[in-house]
Amino acid sequence: MHFVDETTITAVSGNGGRGCVSFRRERFIPKGGPDGGNGGDGGDVLIKASKNIHSFADFKSRRHFRASNGKHGQGQNRTGKNGTTLTIHVPVGTVVYDAETGEILGDLVQDNQEILIVPGGKGGKGNLHFVSSTNRVPRFAQPGIEGQTKKLRLSLKFLADIGLIGFPNAGKSTLLSRLTSARPHIDQYPFTTIIPNLGVMELEDQRTFTIADIPGLIEGAGEGKGLGHRFLKHIERTRFLIHLLDITYTPKGDILEDFHTIQNEIDRYNPAINEKDQMVVINKMDIASQGPRDIKDIQKALKRMGIDALPISALTGEGLKELRRIISKRL
Ligand SMILES: Nc1nc2c(ncn2[C@@H]2O[C@H](COP(=O)(O)OP(=O)(O)OP(=O)(O)O)[C@@H](O)[C@H]2O)c(=O)[nH]1
Ligand SMILES: [Mg+2]
(Lines give C-alpha, C1' and ligand atoms only; values in the text may rest on other atoms or scores of the structure.)
(Ligands and ions follow the chains in the order given, each with its own letter.)
Protein backbone atom coordinates (compact mmCIF):
# COMPACT_ATOMS: atom_id res chain seq x y z
CA MET A 1 0.00 0.00 0.00
CA HIS A 2 1.25 3.44 -0.86
CA PHE A 3 1.12 6.08 1.79
CA VAL A 4 0.93 9.68 0.58
CA ASP A 5 0.09 12.42 3.07
CA GLU A 6 0.71 15.54 0.95
CA THR A 7 -0.63 16.25 -2.49
CA THR A 8 -1.99 18.96 -4.73
CA ILE A 9 -5.07 18.65 -6.89
CA THR A 10 -7.17 20.95 -9.05
CA ALA A 11 -10.91 21.31 -8.66
CA VAL A 12 -13.04 22.91 -11.38
CA SER A 13 -16.75 23.50 -10.98
CA GLY A 14 -19.17 23.21 -13.88
CA ASN A 15 -20.22 26.13 -16.09
CA GLY A 16 -23.76 27.39 -15.87
CA GLY A 17 -25.87 26.65 -18.94
CA ARG A 18 -26.83 29.48 -21.29
CA GLY A 19 -30.33 30.98 -21.07
CA CYS A 20 -32.36 30.46 -24.22
CA VAL A 21 -33.80 33.03 -26.64
CA SER A 22 -36.93 31.49 -28.07
CA PHE A 23 -40.45 32.41 -29.11
CA ARG A 24 -43.55 30.31 -29.00
CA ARG A 25 -44.41 28.81 -32.38
CA GLU A 26 -47.92 27.56 -32.49
CA ARG A 27 -50.35 27.12 -35.30
CA PHE A 28 -52.67 30.10 -35.71
CA ILE A 29 -50.49 32.26 -33.42
CA PRO A 30 -48.09 33.94 -35.85
CA LYS A 31 -46.17 35.91 -33.28
CA GLY A 32 -45.90 33.85 -30.10
CA GLY A 33 -44.41 35.37 -26.98
CA PRO A 34 -40.95 34.64 -25.59
CA ASP A 35 -40.53 31.19 -24.05
CA GLY A 36 -36.74 30.70 -23.63
CA GLY A 37 -35.91 28.70 -20.51
CA ASN A 38 -33.06 29.21 -18.03
CA GLY A 39 -29.77 27.39 -18.21
CA GLY A 40 -29.02 24.78 -15.56
CA ASP A 41 -26.45 25.43 -12.82
CA GLY A 42 -22.98 23.97 -13.15
CA GLY A 43 -22.01 21.18 -10.74
CA ASP A 44 -20.28 22.00 -7.42
CA VAL A 45 -17.08 20.37 -6.29
CA LEU A 46 -17.08 19.12 -2.70
CA ILE A 47 -14.43 17.49 -0.57
CA LYS A 48 -15.67 14.84 1.81
CA ALA A 49 -13.89 12.89 4.53
CA SER A 50 -14.20 9.14 4.66
CA LYS A 51 -12.90 6.83 7.36
CA ASN A 52 -12.34 4.17 4.72
CA ILE A 53 -9.57 6.14 3.03
CA HIS A 54 -6.17 6.30 4.66
CA SER A 55 -3.96 8.29 2.34
CA PHE A 56 -3.87 10.33 -0.86
CA ALA A 57 -2.37 7.45 -2.85
CA ASP A 58 -5.30 7.43 -5.28
CA PHE A 59 -4.55 10.97 -6.39
CA LYS A 60 -1.40 9.71 -8.08
CA SER A 61 -3.47 8.69 -11.08
CA ARG A 62 -5.97 11.53 -10.94
CA ARG A 63 -5.25 15.12 -9.96
CA HIS A 64 -7.83 17.02 -11.94
CA PHE A 65 -11.44 17.05 -10.84
CA ARG A 66 -14.08 18.74 -12.95
CA ALA A 67 -17.79 18.81 -12.24
CA SER A 68 -20.14 18.69 -15.23
CA ASN A 69 -21.68 21.78 -16.83
CA GLY A 70 -25.30 22.86 -16.60
CA LYS A 71 -27.25 22.28 -19.82
CA HIS A 72 -28.50 25.22 -21.85
CA GLY A 73 -32.08 26.37 -21.49
CA GLN A 74 -34.53 25.52 -24.26
CA GLY A 75 -37.72 26.75 -25.84
CA GLN A 76 -41.11 26.10 -24.28
CA ASN A 77 -39.58 27.41 -21.06
CA ARG A 78 -37.57 24.28 -20.47
CA THR A 79 -34.79 24.74 -17.90
CA GLY A 80 -31.49 23.05 -18.66
CA LYS A 81 -30.44 20.21 -16.42
CA ASN A 82 -28.07 21.08 -13.56
CA GLY A 83 -24.56 19.72 -13.67
CA THR A 84 -23.74 16.89 -11.28
CA THR A 85 -21.94 17.59 -8.02
CA LEU A 86 -18.49 16.08 -7.93
CA THR A 87 -17.31 14.77 -4.56
CA ILE A 88 -13.63 14.20 -3.86
CA HIS A 89 -13.07 11.69 -1.08
CA VAL A 90 -10.18 12.16 1.34
CA PRO A 91 -9.09 10.60 4.65
CA VAL A 92 -10.40 11.91 7.95
CA GLY A 93 -7.72 14.30 9.26
CA THR A 94 -7.23 16.09 5.94
CA VAL A 95 -6.48 19.80 6.05
CA VAL A 96 -7.45 21.54 2.81
CA TYR A 97 -5.46 24.59 1.75
CA ASP A 98 -5.88 26.96 -1.16
CA ALA A 99 -2.57 26.17 -2.88
CA GLU A 100 -2.22 29.72 -4.21
CA THR A 101 -2.99 31.78 -1.10
CA GLY A 102 -2.15 29.23 1.60
CA GLU A 103 -5.49 29.90 3.24
CA ILE A 104 -7.05 26.97 5.12
CA LEU A 105 -10.33 26.12 3.43
CA GLY A 106 -11.28 23.37 5.81
CA ASP A 107 -10.15 20.81 8.33
CA LEU A 108 -12.02 17.55 7.96
CA VAL A 109 -11.94 15.92 11.35
CA GLN A 110 -15.04 13.75 11.15
CA ASP A 111 -16.24 10.94 8.95
CA ASN A 112 -18.61 12.25 6.23
CA GLN A 113 -17.77 15.88 7.00
CA GLU A 114 -17.74 17.85 3.76
CA ILE A 115 -16.86 21.29 2.49
CA LEU A 116 -17.82 23.11 -0.67
CA ILE A 117 -14.66 23.87 -2.59
CA VAL A 118 -15.95 25.59 -5.73
CA PRO A 119 -19.61 26.30 -6.43
CA GLY A 120 -20.91 25.60 -9.89
CA GLY A 121 -21.62 28.61 -12.14
CA LYS A 122 -25.23 29.75 -12.12
CA GLY A 123 -27.26 29.11 -15.21
CA GLY A 124 -28.27 32.16 -17.30
CA LYS A 125 -31.88 33.36 -17.45
CA GLY A 126 -33.80 32.69 -20.62
CA ASN A 127 -35.56 35.49 -22.51
CA LEU A 128 -38.89 34.65 -20.86
CA HIS A 129 -37.43 35.96 -17.63
CA PHE A 130 -36.83 39.39 -19.14
CA VAL A 131 -40.40 40.09 -20.24
CA SER A 132 -41.56 43.37 -18.74
CA SER A 133 -44.16 46.03 -19.41
CA THR A 134 -41.61 47.96 -21.44
CA ASN A 135 -40.18 44.98 -23.26
CA ARG A 136 -42.67 42.28 -24.14
CA VAL A 137 -40.41 40.55 -26.65
CA PRO A 138 -36.86 40.50 -25.24
CA ARG A 139 -34.47 39.10 -27.84
CA PHE A 140 -31.74 38.39 -25.37
CA ALA A 141 -30.92 35.93 -22.64
CA GLN A 142 -28.09 35.61 -20.11
CA PRO A 143 -25.07 33.47 -20.69
CA GLY A 144 -24.26 31.03 -17.90
CA ILE A 145 -21.62 31.94 -15.33
CA GLU A 146 -18.38 30.06 -15.81
CA GLY A 147 -17.22 27.51 -13.27
CA GLN A 148 -14.30 28.32 -10.98
CA THR A 149 -10.92 26.67 -10.72
CA LYS A 150 -9.11 26.17 -7.45
CA LYS A 151 -5.77 24.54 -6.85
CA LEU A 152 -5.72 22.75 -3.54
CA ARG A 153 -3.01 21.49 -1.30
CA LEU A 154 -4.10 18.59 0.84
CA SER A 155 -2.23 17.67 3.98
CA LEU A 156 -3.12 14.67 6.09
CA LYS A 157 -2.56 14.98 9.82
CA PHE A 158 -3.52 11.95 11.85
CA LEU A 159 -6.14 12.42 14.52
CA ALA A 160 -4.61 9.83 16.84
CA ASP A 161 -5.00 10.01 20.62
CA ILE A 162 -1.49 8.86 21.43
CA GLY A 163 1.80 9.43 19.63
CA LEU A 164 4.88 7.23 19.95
CA ILE A 165 8.19 9.03 19.62
CA GLY A 166 11.81 8.12 20.07
CA PHE A 167 15.05 7.26 18.34
CA PRO A 168 15.04 4.76 15.50
CA ASN A 169 15.12 1.18 16.77
CA ALA A 170 13.81 2.12 20.24
CA GLY A 171 10.94 -0.34 19.86
CA LYS A 172 8.05 1.97 18.90
CA SER A 173 6.57 -0.35 16.33
CA THR A 174 7.02 -3.32 18.65
CA LEU A 175 5.11 -1.45 21.33
CA LEU A 176 2.38 -0.50 18.85
CA SER A 177 1.99 -4.14 17.88
CA ARG A 178 1.74 -5.04 21.57
CA LEU A 179 -0.88 -2.47 22.47
CA THR A 180 -3.01 -2.60 19.34
CA SER A 181 -4.07 -4.96 16.59
CA ALA A 182 -1.74 -3.20 14.14
CA ARG A 183 1.01 -5.36 12.63
CA PRO A 184 3.71 -2.93 11.57
CA HIS A 185 7.02 -4.04 10.17
CA ILE A 186 9.58 -4.55 12.94
CA ASP A 187 13.27 -5.07 12.44
CA GLN A 188 16.60 -4.72 14.15
CA TYR A 189 17.68 -1.85 11.90
CA PRO A 190 17.11 1.85 12.44
CA PHE A 191 14.56 3.45 10.10
CA THR A 192 12.53 0.31 9.70
CA THR A 193 9.40 2.39 9.83
CA ILE A 194 9.37 4.74 6.86
CA ILE A 195 5.72 5.68 6.91
CA PRO A 196 3.54 6.23 9.99
CA ASN A 197 1.47 3.37 11.36
CA LEU A 198 -1.85 3.66 13.14
CA GLY A 199 -3.34 1.18 15.57
CA VAL A 200 -6.40 1.01 17.75
CA MET A 201 -6.02 0.05 21.39
CA GLU A 202 -8.99 -1.31 23.26
CA LEU A 203 -9.10 -0.98 27.03
CA GLU A 204 -10.94 -3.22 29.45
CA ASP A 205 -13.59 -0.57 29.96
CA GLN A 206 -14.27 -0.74 26.21
CA ARG A 207 -12.80 2.65 25.48
CA THR A 208 -10.64 2.73 22.35
CA PHE A 209 -7.67 4.93 21.58
CA THR A 210 -5.75 5.33 18.37
CA ILE A 211 -1.98 5.24 18.54
CA ALA A 212 0.34 6.69 15.91
CA ASP A 213 3.82 5.24 15.42
CA ILE A 214 6.03 7.55 13.39
CA PRO A 215 9.50 6.96 11.91
CA GLY A 216 12.32 7.37 14.40
CA LEU A 217 13.68 10.83 15.17
CA ILE A 218 17.38 11.68 15.22
CA GLU A 219 19.43 14.74 16.06
CA GLY A 220 18.75 17.29 13.33
CA ALA A 221 15.28 15.91 12.63
CA GLY A 222 13.81 19.36 13.28
CA GLU A 223 15.81 20.59 10.29
CA GLY A 224 14.81 17.66 8.17
CA LYS A 225 17.45 15.02 8.94
CA GLY A 226 16.23 11.47 8.68
CA LEU A 227 12.57 10.88 8.06
CA GLY A 228 11.08 11.89 11.35
CA HIS A 229 10.32 15.53 10.80
CA ARG A 230 8.33 14.89 7.68
CA PHE A 231 5.95 12.92 9.83
CA LEU A 232 5.96 14.99 13.01
CA LYS A 233 2.72 16.58 11.86
CA HIS A 234 1.04 13.27 12.60
CA ILE A 235 1.65 13.69 16.32
CA GLU A 236 0.69 17.37 16.36
CA ARG A 237 -2.92 16.53 17.08
CA THR A 238 -2.37 13.73 19.57
CA ARG A 239 -3.36 14.26 23.19
CA PHE A 240 -0.70 12.16 24.82
CA LEU A 241 2.87 11.35 23.90
CA ILE A 242 4.80 8.24 24.83
CA HIS A 243 8.51 8.84 24.49
CA LEU A 244 10.41 5.57 24.16
CA LEU A 245 13.97 5.36 25.42
CA ASP A 246 16.12 2.33 24.66
CA ILE A 247 17.99 1.38 27.83
CA THR A 248 20.55 -0.58 25.81
CA TYR A 249 21.50 2.10 23.35
CA THR A 250 22.39 5.66 24.26
CA PRO A 251 24.04 7.51 21.36
CA LYS A 252 24.90 10.38 23.74
CA GLY A 253 26.18 8.00 26.39
CA ASP A 254 23.47 9.10 28.79
CA ILE A 255 19.83 8.23 28.51
CA LEU A 256 18.71 11.62 29.82
CA GLU A 257 20.74 13.35 27.13
CA ASP A 258 18.96 11.22 24.58
CA PHE A 259 15.67 12.28 26.03
CA HIS A 260 16.65 15.94 25.61
CA THR A 261 17.88 15.37 22.08
CA ILE A 262 14.43 14.23 20.96
CA GLN A 263 12.71 16.98 22.94
CA ASN A 264 14.89 19.61 21.28
CA GLU A 265 14.16 18.25 17.83
CA ILE A 266 10.44 18.37 18.50
CA ASP A 267 10.75 21.90 19.91
CA ARG A 268 12.48 22.99 16.75
CA TYR A 269 9.60 21.69 14.68
CA ASN A 270 6.73 22.85 16.88
CA PRO A 271 7.15 23.65 20.59
CA ALA A 272 3.43 23.11 21.16
CA ILE A 273 3.97 19.37 20.80
CA ASN A 274 6.10 19.23 23.94
CA GLU A 275 3.40 21.00 25.93
CA LYS A 276 1.27 17.91 25.59
CA ASP A 277 0.81 15.46 28.37
CA GLN A 278 3.63 12.94 28.00
CA MET A 279 5.42 10.09 29.67
CA VAL A 280 8.62 8.18 29.15
CA VAL A 281 8.80 4.46 28.62
CA ILE A 282 12.18 2.86 29.22
CA ASN A 283 12.22 -0.07 26.83
CA LYS A 284 14.22 -3.30 26.42
CA MET A 285 14.47 -3.91 30.16
CA ASP A 286 14.78 -7.63 29.40
CA ILE A 287 18.32 -7.09 28.15
CA ALA A 288 19.29 -4.08 30.27
CA SER A 289 22.62 -4.23 32.05
CA GLN A 290 21.52 -1.56 34.50
CA GLY A 291 20.15 -2.58 37.86
CA PRO A 292 16.99 -1.38 39.57
CA ARG A 293 18.97 1.38 41.32
CA ASP A 294 20.04 2.89 37.98
CA ILE A 295 16.48 2.81 36.74
CA LYS A 296 15.29 4.51 39.92
CA ASP A 297 17.86 7.28 39.34
CA ILE A 298 16.62 7.82 35.80
CA GLN A 299 13.03 7.89 37.00
CA LYS A 300 13.92 10.41 39.70
CA ALA A 301 15.70 12.68 37.27
CA LEU A 302 12.75 12.66 34.88
CA LYS A 303 10.31 13.15 37.73
CA ARG A 304 12.12 16.39 38.56
CA MET A 305 11.07 17.54 35.08
CA GLY A 306 7.54 16.44 35.86
CA ILE A 307 7.71 13.36 33.70
CA ASP A 308 6.80 9.84 34.78
CA ALA A 309 8.95 7.02 33.46
CA LEU A 310 7.97 3.38 33.31
CA PRO A 311 10.41 0.53 32.62
CA ILE A 312 9.00 -2.06 30.22
CA SER A 313 9.93 -4.70 27.73
CA ALA A 314 7.85 -4.46 24.59
CA LEU A 315 9.31 -7.83 23.66
CA THR A 316 8.41 -9.87 26.74
CA GLY A 317 5.43 -7.79 27.74
CA GLU A 318 6.87 -6.80 31.10
CA GLY A 319 5.26 -3.57 32.36
CA LEU A 320 2.64 -3.40 29.62
CA LYS A 321 -0.25 -3.96 31.99
CA GLU A 322 0.93 -1.01 34.04
CA LEU A 323 1.35 1.03 30.87
CA ARG A 324 -2.24 0.34 29.84
CA ARG A 325 -3.37 1.34 33.31
CA ILE A 326 -1.48 4.64 33.11
CA ILE A 327 -2.87 5.38 29.62
CA SER A 328 -6.36 4.59 30.83
CA LYS A 329 -5.93 7.01 33.73
CA ARG A 330 -4.27 9.86 31.83
CA LEU A 331 -6.58 9.93 28.82
N1 LIG B 1 15.24 -7.30 23.66
C2 LIG B 1 14.30 -6.47 23.26
N3 LIG B 1 14.24 -6.10 21.97
C4 LIG B 1 13.25 -5.26 21.59
C5 LIG B 1 12.30 -4.74 22.50
N6 LIG B 1 11.48 -3.92 21.84
C7 LIG B 1 11.88 -3.93 20.56
N8 LIG B 1 12.95 -4.74 20.39
C9 LIG B 1 13.70 -5.01 19.17
O10 LIG B 1 14.29 -3.80 18.73
C11 LIG B 1 14.34 -3.74 17.30
C12 LIG B 1 13.64 -2.50 16.81
O13 LIG B 1 12.26 -2.55 17.11
P14 LIG B 1 11.17 -1.68 16.31
O15 LIG B 1 9.89 -1.87 17.02
O16 LIG B 1 11.25 -1.96 14.86
O17 LIG B 1 11.78 -0.24 16.62
P18 LIG B 1 11.24 1.18 16.11
O19 LIG B 1 11.40 2.14 17.23
O20 LIG B 1 9.89 1.04 15.53
O21 LIG B 1 12.33 1.49 15.00
P22 LIG B 1 12.22 2.44 13.70
O23 LIG B 1 10.98 2.06 12.98
O24 LIG B 1 13.43 2.14 12.94
O25 LIG B 1 12.20 3.85 14.21
C26 LIG B 1 13.66 -5.02 16.83
O27 LIG B 1 14.67 -5.96 16.54
C28 LIG B 1 12.84 -5.46 18.02
O29 LIG B 1 12.63 -6.85 18.06
C30 LIG B 1 12.42 -5.14 23.89
O31 LIG B 1 11.66 -4.77 24.76
N32 LIG B 1 13.42 -6.00 24.18
MG1 LIG C 1 9.24 1.35 13.68
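Residue indices begin at 1 and follow the sequence shown. Computed from a predicted model, the values in this text were never measured in an experiment. Note that ligands are numbered from 1 as they come in the structure, with each ligand's atoms numbered from 1 the same way.
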Ligand 1 contact on Ser173 by region, counting heavy-atom pairs under 4.0 Å: both
Atom 6 (N) of ligand 1: nearest protein contact (heavy atom, Å): Asn283 ND2, 3.2 Å
Minimum-distance protein heavy atom relative to atom 27 (O) of ligand 1: Gln188 CA, 3.3 Å
Atoms in ligand 1 with a heavy atom of Thr193 nearer than 4.0 Å: 20 (O), 22 (P), 23 (O), 24 (O)
Backbone or side-chain N/O/S of Ser173 under 2.8 Å of the Mg ion (ligand 2): yes
For atom 5 (C) of ligand 1, the protein heavy atom that lies nearest, with its residue and separation: Lys284 CG, 3.6 Å
Step-by-step ring-ring contact (aromatic ring centres under 6.0 Å, His included) determination, Phe65 to Phe59: CA-CA 10 Å; Phe65 294 84; Phe59 294 133; 5.7 Å; yes
Verdict with supporting geometry, Glu204 and Arg324, salt bridge (Lys or Arg N to Asp or Glu O under 4.0 Å): CA-CA 9 Å; Glu204 270 141 40; Arg324 284 170 161 273; 5.7 Å; no
Heteroatom distance test (Ala314, ligand 1): nitrogen or oxygen, under 3.5 angstrom: yes
Any Pro190 heavy atom less than 4.0 Å to ligand 1: yes
The Mg ion (ligand 2) to nearest N/O/S of Thr193 below 2.8 Å: yes
Ligand-side contact atoms (ligand 1) for residue partner Gly216, heavy atom cut-off under 4.0 Å: 25 (O)
Interfacing atoms of ligand 1 (cut-off 4.0 Å, heavy-atom, Tyr189): 24 (O)
N/O separation below 3.5 Å, Phe191 to ligand 1: yes
Protein contact to atom 21 (O) of ligand 1 [nearest heavy atom, distance to 0.1 Å]: Asn169 N, 2.9 Å
Side chain, backbone, both or neither: Ile287 near ligand 1, heavy atoms under 4.0 Å: side chain
Sequence neighbours excluded, every pair satisfying side-chain hydrogen bond (donor to acceptor under 3.5 Å, both in side chains) that has a member inside residues 167-182: Ser173-Thr193, Ser173-Asp213
Carboxylate-amine/guanidinium proximity below 4.0 Å for Asp98 and Lys151: no
Those atoms of ligand 1 less than 4.0 Å from some heavy atom in Ser313: 30 (C), 31 (O), 32 (N)
Taking atom 14 (P) of ligand 1 as the reference point, the nearest protein heavy atom with its distance: Thr174 OG1, 3.5 Å
Ligand 1 versus Asp286: contacting region, heavy-atom distance under 4.0 Å: side chain
Ion pair Asp5/Arg230, N-O distance below 4.0 Å: yes
For Asp187, the ligand 1 atoms whose distance to one of its heavy atoms is below 4.0 Å: 11 (C), 12 (C), 13 (O), 16 (O), 26 (C), 27 (O)
